[in-house]
Amino acid sequence: MTNNGTAPKTLGKTRPHQTQNEALVFEKSSPGKRAYKMPPLDVPIVDPAVVLGEAHRSESAQLPELSEIEIIRHFTRLSTWNYAIDLGMYPLGSCTMKYNPRVNEAVARIEGLAEAHPYRPDALAQGILEVIELLQRCLIEITGMDAITLQPAAGAHGEFTGILLVRAWHESQGNARRKILIPDSAHGTNPATAAICGYQVENLKSNAEGGIDLEALARQVDEETAALMLTNPSTIGVFESQIHKIADILHAKGALLYMDGANMNALVGKARPGDFGVDVMHLNLHKTFSTPHGGGGPGSGPVACKAFLEPFLPTPVLVRTARTEGPGTTGLAGQVPETTGQLHWNYDRPQTVGRVRAFYGNTGMFIRALAYILANGPDGLRQTTEDAVLNANYIRAKLEDLYELPYKTASMHEVVFSDKRQAAKGVRTGDIAKRLIDYGFHPYTVSFPMIVHGALMIEPTESESLEELDLFVDAMRSIAKEVDETPELVKTAPHSTRVGRLDEVQAARKPILRWRPSQ
Ligand SMILES: *Cc1c(COP(=O)(O)O)cnc(C)c1O
């Protein structure tokens, strides 16, 4: 359905984002246009058919032909259709869509770091290796763990790596074990990870507060349990206050505690998983540590573990050669062995689970995450945690009279409502989310976590000011009023975008992935 531009009445300072109609770059093409001018060739022209042989195409590729300004305008206009954190609040719960500070970008573009070649010999790559090593130390300190790998390229990839460590350790004890326990509030990637690592998934029911039922856990853990995968704070934004007891129950049966650390934004500087019994966990640098998400990525999902899992970490592992004292270091620079105190990659790791990623991981993200950590410092990081929790609780307090709050337990960095009251008028969480687009906001996370029927999962992060939070609250309150007075308006939203409601089933089942010229 194409919208005819009936924008909502503007509310306070909120405005719908810009819409334009833009033809495809192929449709804008006209023969002979070029976006470049090259000097004439001053080398002999070789017939491409001779060089390429059979691979030489007989017809042109029919690439679009446009001038430079046409190309720039085309893509600039398209970019205005995207919603982005640089345009406004992006309250996508569980995703921690925080601002990507510009200083990170400046640091990541420092020539010696940006252009370091992965095959450069270690002795000539000490700068970038120091950056990587310092980030490792910071993350180990923040998590309270003993060792870390930065290789995994995303959160789910970190889970995979972490559970491989769990499996390798159990195997080294003589039995890989059979199953992994996962609470019903878990992120979908957790059961997928367990299954792909060859484990059976056993569901663990949450208690009335949305936490783990300790008695049920004690009954379910046995000698075939490899681990429990637990998100803390959970996906309903609640801190698992019994976590140390959960760890004890698992450890008593030889099982391990895996923590999905995607929600570390609520813990950094406040509590360390290593101190409350976690054996292995992943972090999402593209959530907690402000590196770009999605199209602006790539992601990075480091895995931190306790010392007993360290021998199994993916290769290579960064090690620092001990400074050698004595003969050869008597003060003459030329006599100091080249590798003294230097960092190098160690590939000789007999118990390793193997590589999980080409080279060393997404190095550009390491630089950005380290810039964020160092720019904030310990007090600043603690403050970001406090502000993230404060912002989520502000939204909760401002909306709980209009939206149902299924779990009353104190919220951490995100708040989860349900659409129970609005559903009585036939309006569901997905409708409210689409209407939010008309008010200029990216939707919150819809219908997740599964344990909340019709969930509205809202995570503002610490990036948002009081002013922006108030605009969001106004929009949500206004939508609640619309649900009462003109529910159809909400059910047919969005009205201000280039296209309105898409047939999502049709789009998933019969996607049209290729443009064809009209004959
Ligand atoms: C985001 C998230 C993941 C997965 O991270 P990706 O980088 O998207 O793979 C896993 N668990 C939780 C709780 C998350 O929020």
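The first residue of the sequence shown is numbered 1, and numbering continues consecutively from there. Note that ligands are numbered from 1 as they come in the structure, with each ligand's atoms numbered from 1 the same way.
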Determine whether His187 and Phe448 make a side-chain contact, defined as any pair of heavy atoms from C-beta on separated by less than 4.5 Å.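 In contact.
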Does the side chain of Ile246 come within less than 4.5 Å of Leu230's, by heavy atoms? yes
So which heavy atom in the protein is nearest [atom], and how far is it from that ligand atom?
atom                   : answer
atom 5 (O) of ligand 1 : Asn284 ND2, 3.1 Å
atom 6 (P) of ligand 1 : Gly155 N, 3.4 Å
atom 9 (O) of ligand 1 : Ala156 N, 2.8 Å

Those atoms of ligand 1 less than 4.0 Å from some heavy atom in [X]:
X      : answer
Ala154 : 7 (O), 9 (O)
Thr189 : 10 (C), 11 (N)
Glu159 : 10 (C), 11 (N)

With a 4.0 Å cut-off, would you call Glu224 and Lys179 a salt bridge?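 Lys179 and Glu224: not salt-bridged.
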Would [X] and [Y] count as having a side-chain donor-acceptor pair, cut-off 3.5 Å?
X      : Y      : value
Asn284 : Thr96  : no
Asn190 : Glu159 : yes
Asp470 : Tyr394 : yes

Could you pull out, from His286, His282, His293, the option with a heavy atom nearest to atom 7 (O) of ligand 1? His286
Would you indicate which of Glu459, Glu414, Lys287 comes nearest to atom 15 (O) of ligand 1 when only heavy atoms are counted?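 Answer by nearest heavy atom: Lys287.
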Heavy atom of His157 under 4.0 Å from ligand 1? no
Min N/O separation Ala262 to ligand 1 under 3.5 Å: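 The answer is no, given that Ala262 and ligand 1 share no N or O pair closer than 3.5 Å.
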Could you say whether the N/O atoms of Asp260 and ligand 1 ever approach to under 3.5 Å?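 So ligand 1 has an N or O lying under 3.5 Å from an N or O of Asp260.
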Closer than 3.5 angstrom, by distance alone: can the side chain of Ser478 be matched with the main-chain N or O of Asp474 as a donor-acceptor pair? no
Show, in sequence, the C-alpha distance, side-chain angles and deciding distance for Gln383 and Asp387, and conclude whether the side chain to side chain donor-acceptor pair (under 3.5 Å) test is met. CA-CA 6 Å; Gln383 179 83 43; Asp387 290 349; 3.1 Å; yes
